[in-house]
Amino acid sequence: MVAKKSAYEESRQKRMEENKKRMEALNLHKLSQALKIPSPAKPSPMKRSKPRVVEKQVVVVRRSSRVANKPAPVLKEVVLDRVVIPRRISKPRNLSNRVYATDEARAKAMEKAEKLQSNLGSDHPIFIKSMLQSHVTGGFWLGLPVDFCRRSLPRKDGVISLIDEDADEYQVIYLARKNGLSGGWKGFAVAHGLLDGDAVVFQLIKPTAFKVYIIRVNGSEQGNSL
């Protein structure tokens, strides 16, 4: 085995030397070295885009057979006036006729209203409201006691009736979220001549109906039901 291995090694060494001589004869060694050195990359020339050519052609517009033989319509420029919606100009309120109650007169009216409330008993829920200018001449909005609304009135918006002494019924809008009377309250206040300082007693006789009593601030007692 040792002799055979030595012969193989000698034969292999001989082939390697022959291959080396052939490579030197063909300059393969120098060529391999030259390939290892990177050559500077040449910048590629910028591709120039061709200008876009827009081709214009005259085409015949297809017309309906019914108007094909008729002359083409003549178009004219028409200037349209700008439509302006006029703004609603609200007239300033005349507040010169307002009558303001004194603190003393307001207190007397409330005292009489509380006396009337005690005479009416406790069979029906009752509350008293002293009128302000915003209730009778301004915004005509009547805020109700929050506790009373939560205990006795509906939890949703709806219609409430106000019944006067002649059994006339006035429909007003009750806003549950705001705890007050809105639309329709102005009509009731104007019809009954409510003034600043008047004390109004509201007696809930039905889930959505009040019987109303008014104590006038000017001293005239109206304990009758309105």
Side-chain angles (χ1 to χ4, degrees), residues 86-122 124-226:
R87 294 183 178 180
R88 183 179 178 182
I89 301 175
S90 58
K91 297 181 179 180
R93 295 174 181 173
N94 183 12
L95 305 179
S96 60
N97 58 349
R98 279 188 171 184
V99 179
Y100 292 88
T102 62
D103 294 340
E104 183 180 359
R106 186 184 298 274
K108 287 184 178 180
M110 284 294 295
E111 183 179 353
K112 294 177 181 179
E114 291 172 356
K115 184 177 180 181
L116 175 61
Q117 178 182 3
S118 62
N119 294 334
L120 292 175
S122 58
H124 301 284
I126 298 177
F127 71 90
I128 303 173
K129 192 73 177 180
S130 180
M131 296 294 100
L132 302 175
Q133 292 293 350
S134 60
H135 301 152
V136 296
T137 61
F140 289 98
W141 160 262
L142 184 66
L144 307 182
V146 177
D147 293 340
F148 184 93
C149 294
R150 291 177 178 175
R151 290 195 311 266
S152 305
L153 295 182
R155 297 184 179 274
K156 295 182 180 180
D157 298 348
V159 178
I160 289 182
S161 300
L162 303 181
I163 304 172
D164 66 10
E165 62 178 346
D166 297 324
D168 292 332
E169 196 168 328
Y170 292 78
Q171 303 290 331
V172 297
I173 302 299
Y174 171 66
L175 302 180
R177 294 182 180 180
K178 296 185 178 181
N179 302 307
L181 304 180
S182 180
W185 167 250
K186 178 180 179 179
F188 180 88
V190 172
H192 294 82
L194 295 180
L195 298 176
D196 179 63
D198 288 346
V200 182
V201 180
F202 292 84
Q203 184 183 32
L204 188 66
I205 58 176
K206 295 180 181 179
T208 57
F210 280 108
K211 192 172 182 179
V212 181
Y213 301 85
I214 297 176
I215 303 298
R216 301 293 180 180
V217 72
N218 56 12
S220 62
E221 297 185 10
Q222 291 186 358
N224 299 328
S225 61
L226 291 179

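Inter-residue side-chain proximity for Ile173 and Val159 is flagged as met; some heavy-atom pair is nearer than 4.5 Å. For the pair Ile215 and Ile128, the minimum side-chain heavy-atom distance is 4.5 Å or more. Side chains of Thr137 and Asp196 form no contact here, defined as non-hydrogen atoms less than 4.5 Å apart. Contact annotation: the side chain of Phe127 never approaches that of Asp147 to less than 4.5 Å [non-hydrogen atoms, C-beta and beyond]. A 4.5 Å side-chain heavy-atom check between Leu142 and Phe202 finds at least one atom pair inside the cut-off.
Asn119 CG to Glu114 CD: the interatomic distance, rounded to the nearest 0.5 Å, is 12.0 Å. Of the inter-residue distances, the one linking Leu120 atom CG with Lys211 atom NZ reads 8.0 Å to the nearest 0.5 angstrom. Met110 contributes atom CE, which lies 9.5 Å from atom NZ of Lys129 (distance to the nearest 0.5 angstrom).
The main-chain N or O of Leu144 is never found under 3.5 Å from a side-chain atom of Asn179 such that the two would form a donor-acceptor pair. For Lys112 (side chain) and Arg216 (main-chain N/O), no donor-acceptor pair under 3.5 Å exists by modelled atom type. Between the Asp157 side chain and the Leu175 main chain, no donor and acceptor come within less than 3.5 Å of each other. Between the side chain of Trp185 and the backbone N or O of His135 there is at least one donor-acceptor pair closer than 3.5 Å.
Gly197 and Ser130 get closest at one heavy-atom pair: O-OG, 4.3 Å. The two residues Leu153 and Pro207 come nearest to each other via the heavy atoms CD2-O, 4.2 Å. Of all non-hydrogen atoms in Arg106 and Met131, the two that sit nearest each other are NH1-O, 2.8 Å. Between Tyr170 and Ala191, the closest heavy-atom pair is OH-CB, 3.8 Å. Considering every non-hydrogen atom in both Gly121 and Ile126, the closest pair reads O-CD1, 3.7 Å.
Within a 6.0 Å sphere centred on CD of Glu111, other residues, nucleotides and ligands contribute 12 heavy atoms or fewer. Other residues, nucleotides and ligands contribute at most 12 non-hydrogen atoms within 6.0 Å of the CG atom of Asp103. No more than 12 heavy atoms of other residues, nucleotides or ligands shown are found within 6.0 angstrom of CD on Glu104.
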*asked:* side chain to side chain contact (heavy atoms under 4.5 Å, CB included), that's the test. Do Thr208 and Tyr174 meet it? Break it down for me.
replied: CA-CA 9 Å; Thr208 57; Tyr174 171 66; over 6 Å; no
key: Phe188 and Leu181: CA distance, side-chain angles, deciding distance, side chain to side chain contact (heavy atoms under 4.5 Å, CB included) verdict   = CA-CA 11 Å; Phe188 180 88; Leu181 304 180; over 6 Å; no
